[in-house]
Every structure is written in C-alpha cells, then in structure tokens.
Visitor: 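Take a look at the following structure, please.
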Amino acid sequence: KKVEEPVPRVGVVVFLLKGKSVLLGRRRTTVCDFTFALPGGHLEFGESFEECGAREMKEETGLDIAKIEFVTVTNHVFLEEPKPSHYVTIFLRAFLADPKQEPQNLEPEKCYGWDWYDWDNLPKPLFGPLEKMVQSGFNPFPIDYNV
Ligand code: 8DG
Ligand code: MG
Ligand code: MG
C-alpha cells in the first residue's frame with residue numbers, strides 16, 4: 001500500500017456542557033475555516049475515547065473535564081475540502097471539573113477563540129458534521145438534565 005493512500009481517521013470531540021450552553025471555537029484551519037466546532041482532535045495509539053477527549057480539551061482550552069460519557073458516533077467524508085478526508089468521529093459529553101475554570105485559547109494557530117453558546121441559539125456557520133447533527137434534532141444534554 002502506497003504511503004500517500006488516504007485512510008479514514010478517528011476524531012474524538014467533546015460537548016462540554018455548562019448550564020444550557022456548550023463550548024465552541026471558530027476553526028482556523030484549511031478544513032472548514034471559520035466554522036464553529038467542538039474542542040477535540042485525533043485519537044492517538046493506545047488511548048481510550050475518554051482519555052483522548054480529556055487530553056485534547058486540556059491541550060486546546062486548558063480546561064479539566066469530568067463525567068465524560070459517550071454520546072454518539074458519525075461517519076463523515078469531507079470531499080469538498082482541498083485535501084479530501086474521512087473521519088469516524090466519536091462525540092462525548094462532559095462537564096467542567098471546576099465550574100469556575102475559564103477556557104484559554106492555547107492553540108491560536110488552530111482556533112480563533114473559545115466561548116460558551118446557548119444550545120437554543122447556536123452561532124453560524126457550524127462545522128459541517130455538527131450542523132448536520134443539529135439539523136436532525138440531536139441534543140447533547142442528558143435526558144434528566146435540568147438547569
Ligand atoms: P490533533 O493534531 O490535536 O490530534 O488534531 P486537531 O488539529 O485538534 O484535529 P481537529 O481537526 O480539531 O479534529 C479532528 C477531526 O475530527 C476533524 O478534522 C474532523 C472531526 N470532527 C468532526 N466534528 C468535529 C468537531 O465538531 N470539532 C472538531 N474539532 N473536530 C471534528 O467530525
Ligand atoms: Mg488538537
Ligand atoms: Mg482540535
């Protein structure tokens with residue numbers, strides 16, 4: 001198999017929930033530049049989904065998360081991009097370990113900044129896969145969740 005041959009990759013992203021809001025950042029990359037996306041990244045060899053989600057969250061925002069749970073998985077092919085890619089993405093949800101902690105933009109070359117957005121009033125444009133989930137009526141909050 002040729003080295004350049006594209007293969008699907010595994011993404012792990014996190015709905016970090018705070019009250020009725022979620023943490024989103026505007027992407028600063030070739031893939032979907034300027035769209036609002038969840039914190040997350042690539043699963044590394046040997047990691048659990050939860051370990052990956054917590055590590056990416058820490059690297060990108062400085063935040064420590066707790067009560068990490070699997071929510072759903074998507075299979076998304078990005079054919080329209082300059083460099084076509086294919087992601088199996090694991091969506092987790094989590095809460096702040098310390099509710100007083102604030103996000104920092106620790107990878108400014110990849111993100112324009114993090115902020116909390118009300119689930120009923122999400123910013124536009126959302127990152128493609130996230131937009132599709134929202135359109136389909138998906139909701140990341142636990143069923144018995146009351147703010
Ligand atoms: P890394 O080098 O830190 O491991 O990767 P990264 O630079 O943080 O990767 P990423 O693009 O943030 O996330 C990996 C892939 O996950 C992304 O290219 C496509 C997929 N993905 C989705 N939905 C979302 C989402 O809402 N946010 C993020 N960040 N990635 C997502 O399918
Ligand atoms: Mg990352
Ligand atoms: Mg990332």
Side-chain angles (χ1 to χ4, degrees), residues 3-98 101-143 145:
V3 176
E4 325 80 74
E5 216 172 279
V7 291
R9 302 185 73 189
V10 181
V12 177
V13 301
V14 183
F15 286 102
L16 182 57
L17 309 178
K18 183 181 176 181
K20 286 193 226 163
S21 57
V22 297
L23 189 73
L24 296 172
R26 246 187 218 270
R27 289 173 70 80
R28 183 172 196 165
T29 50
T30 50
V31 184
C32 305
D33 186 47
F34 234 59
T35 59
F36 289 90
L38 301 165
H42 300 93
L43 186 68
E44 290 182 359
F45 187 88
E47 268 183 336
S48 69
F49 299 148
E50 292 78 8
E51 285 167 347
C52 179
R55 175 183 56 74
E56 285 287 341
M57 185 68 74
K58 190 75 182 170
E59 288 174 0
E60 299 184 351
T61 72
L63 297 172
D64 300 298
I65 56 176
K67 294 192 259 176
I68 310 170
E69 285 180 333
F70 171 83
V71 193
T72 191
V73 59
T74 60
N75 184 40
H76 200 93
V77 183
F78 300 84
L79 280 184
E80 314 303 315
E81 299 305 323
K83 191 175 166 228
S85 60
H86 179 173
Y87 278 95
V88 171
T89 306
I90 310 300
F91 288 79
L92 306 174
R93 74 167 160 244
F95 297 87
L96 286 168
D98 170 6
Q101 230 183 349
E102 288 294 339
Q104 298 164 260
N105 193 14
L106 297 182
E107 293 181 347
E109 71 288 355
K110 285 188 183 177
C111 177
Y112 294 100
W114 300 105
D115 213 340
W116 302 100
Y117 296 91
D118 202 284
W119 185 257
D120 298 323
N121 191 17
L122 292 171
K124 288 189 180 73
L126 290 175
F127 189 41
L130 191 57
E131 176 65 28
K132 268 178 47 180
M133 289 167 77
V134 173
Q135 291 294 327
S136 75
F138 170 84
N139 182 318
F141 295 88
I143 355 171
Y145 187 73

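In this chain, residues are counted from 1 in sequence order. Note: hydrogens, waters and symmetry copies are ignored here, and every other heavy atom, side chains too, is used. Each ligand, and each atom within it, is numbered from 1 in the order the structure gives.
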Visitor: For Arg93, check salt bridge (Lys or Arg N to Asp or Glu O under 4.0 Å) against everything at least two apart and list the hits.
Guide: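 Checked Arg93 against salt bridge (Lys or Arg N to Asp or Glu O under 4.0 Å); matches are Glu69.
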Visitor: Which value, rounded to the nearest 0.5 Å, describes the distance between Gln104 atom CD and Lys58 atom NZ?
Guide: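 Spacing of CD (Gln104) from NZ (Lys58) equals 8.0 Å.
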Visitor: Assess Arg27 for proximity to ligand 1: is some non-hydrogen atom of it under 4.0 Å away?
Guide: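 For ligand 1, residue contact (heavy atoms, under 4.0 Å) with Arg27 is present.
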Visitor: Give the residue, atom name and distance (to 0.1 Å) of the protein heavy atom nearest atom 30 (N) of ligand 1.
Guide: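 Answer, as residue, atom name and distance: Val13 CG1, 3.3 Å.
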Visitor: Would one find more than 12 heavy atoms of other residues, nucleotides or ligands at under 6.0 Å from atom CZ of Phe49?
Guide: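 Not more than 12 within 6.0 Å, no.
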Visitor: Would Leu63 and Leu23 count as a side chain to side chain contact (heavy atoms under 4.5 Å, CB included) if you check the C-alpha gap in whole Å, the side-chain angles of each, and the deciding distance to 0.1 Å?
Guide: CA-CA 11 Å; Leu63 297 172; Leu23 189 73; 3.9 Å; yes
Visitor: What is the closest protein heavy atom to atom 6 (P) of ligand 1, and at what distance does it sit?
Guide: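 Ranked first by proximity to atom 6 (P) of ligand 1 is Lys110 NZ, 3.7 Å.
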Visitor: Is there a polar contact between ligand 1 and Thr89, counting only N or O atoms under 3.5 Å apart?
Guide: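 Yes; the residue has a nitrogen or oxygen that sits under 3.5 Å from a nitrogen or oxygen of the ligand.
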Visitor: Are any of the heavy atoms in Thr74 under 4.0 Å away from ligand 1?
Guide: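 False for this residue.
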Visitor: Could you tell me whether Leu38 approaches ligand 1 through its side chain, its backbone, both or neither, with non-hydrogen atoms closer than 4.0 Å?
Guide: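 For Leu38, backbone and side-chain atoms both sit under 4.0 Å from ligand 1.
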Visitor: Walk me through whether Trp119 and Lys20 qualify under side chain to side chain contact (heavy atoms under 4.5 Å, CB included).
Guide: CA-CA 6 Å; Trp119 185 257; Lys20 286 193 226 163; 5.6 Å; no
Visitor: Would you say Glu56's side chain and Val13's backbone share a donor-acceptor pair under 3.5 angstrom?
Guide: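 No.
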Visitor: How far is atom 16 (O) of ligand 1 from its nearest protein heavy atom, and which residue and atom is that?
Guide: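 Answer for atom 16 (O) of ligand 1: Gly11 CA, 3.8 Å.
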Visitor: Distance to 0.1 Å, residue and atom name: give those for the protein heavy atom nearest to atom 12 (O) of ligand 1.
Guide: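 Protein heavy atom with the smallest distance to atom 12 (O) of ligand 1: Gly40 O, 3.1 Å.
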Visitor: Taking atom NZ as the centre, does Lys67 end up with more than 12 heavy-atom neighbours from other residues, nucleotides or ligands that are less than 6.0 angstrom away?
Guide: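 Incorrect, the count does not exceed 12.
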Visitor: Could you pull out the N/O/S protein atoms under 2.8 Å of the Mg ion (ligand 3), ignoring any water?
Guide: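 N, O, S partners closer than 2.8 Å: Gly40 O, Glu60 OE2.
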Visitor: Which option out of Glu44, Glu56, His42 puts a heavy atom nearest to atom 3 (O) of ligand 1?
Guide: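 Among Glu44, Glu56, His42, the closest heavy atom to atom 3 (O) of ligand 1 belongs to Glu56.
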Visitor: For Val22 and Leu17: C-alpha separation, side-chain torsions, deciding distance, then whether side chain to side chain contact (heavy atoms under 4.5 Å, CB included) applies.
Guide: CA-CA 5 Å; Val22 297; Leu17 309 178; 3.5 Å; yes
Visitor: For atom 13 (O) of ligand 1, which protein heavy atom lies nearest, and how many Å away is it?
Guide: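 Atom 13 (O) of ligand 1 sits closest to the protein heavy atom Gly41 CA, 3.5 Å.
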Visitor: Looking at non-hydrogen atoms alone, which of Tyr87, Phe91, Phe127 comes nearest to atom 21 (N) of ligand 1?
Guide: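 When every heavy atom of Tyr87, Phe91, Phe127 is considered, Phe127 comes closest to atom 21 (N) of ligand 1.
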Visitor: Quick one: list whatever passes side chain to side chain contact (heavy atoms under 4.5 Å, CB included) with Arg55, sequence neighbours left out.
Guide: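 Glu44, Glu47, Cys52, Glu59.
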Visitor: Is ligand 1 less than 4.0 angstrom away from at least one heavy atom of Glu60?
Guide: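 Per 4.0 Å heavy-atom rule, Glu60 contacts ligand 1.
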Visitor: Give, for atom CD of Glu102 and atom CG of Asp115, the distance between the pair rounded to the nearest 0.5 Å.
Guide: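 Glu102 CD to Asp115 CG: 8.5 Å, rounded to 0.5 Å.
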Visitor: Between side-chain atoms of residues 125-140 and protein atoms elsewhere (two or more places apart, or another chain), which donor-acceptor pairs fall under 3.5 Å?
Guide:
unit_1, atom_1, unit_2, atom_2, d
Glu131, OE2, Gln135, NE2, 2.5
Ser136, OG, Met133, O, 2.7
Asn139, OD1, Phe141, N, 2.8

Visitor: Measure from NZ or CZ of Arg26 to the centre of the six-membered ring of Phe34 and say whether it is under 6.0 Å with the direction within 45° of the ring axis.
Guide: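 Yes - Arg26 lies over the ring of Phe34, closer than 6.0 Å to its centre and within 45° of its axis.
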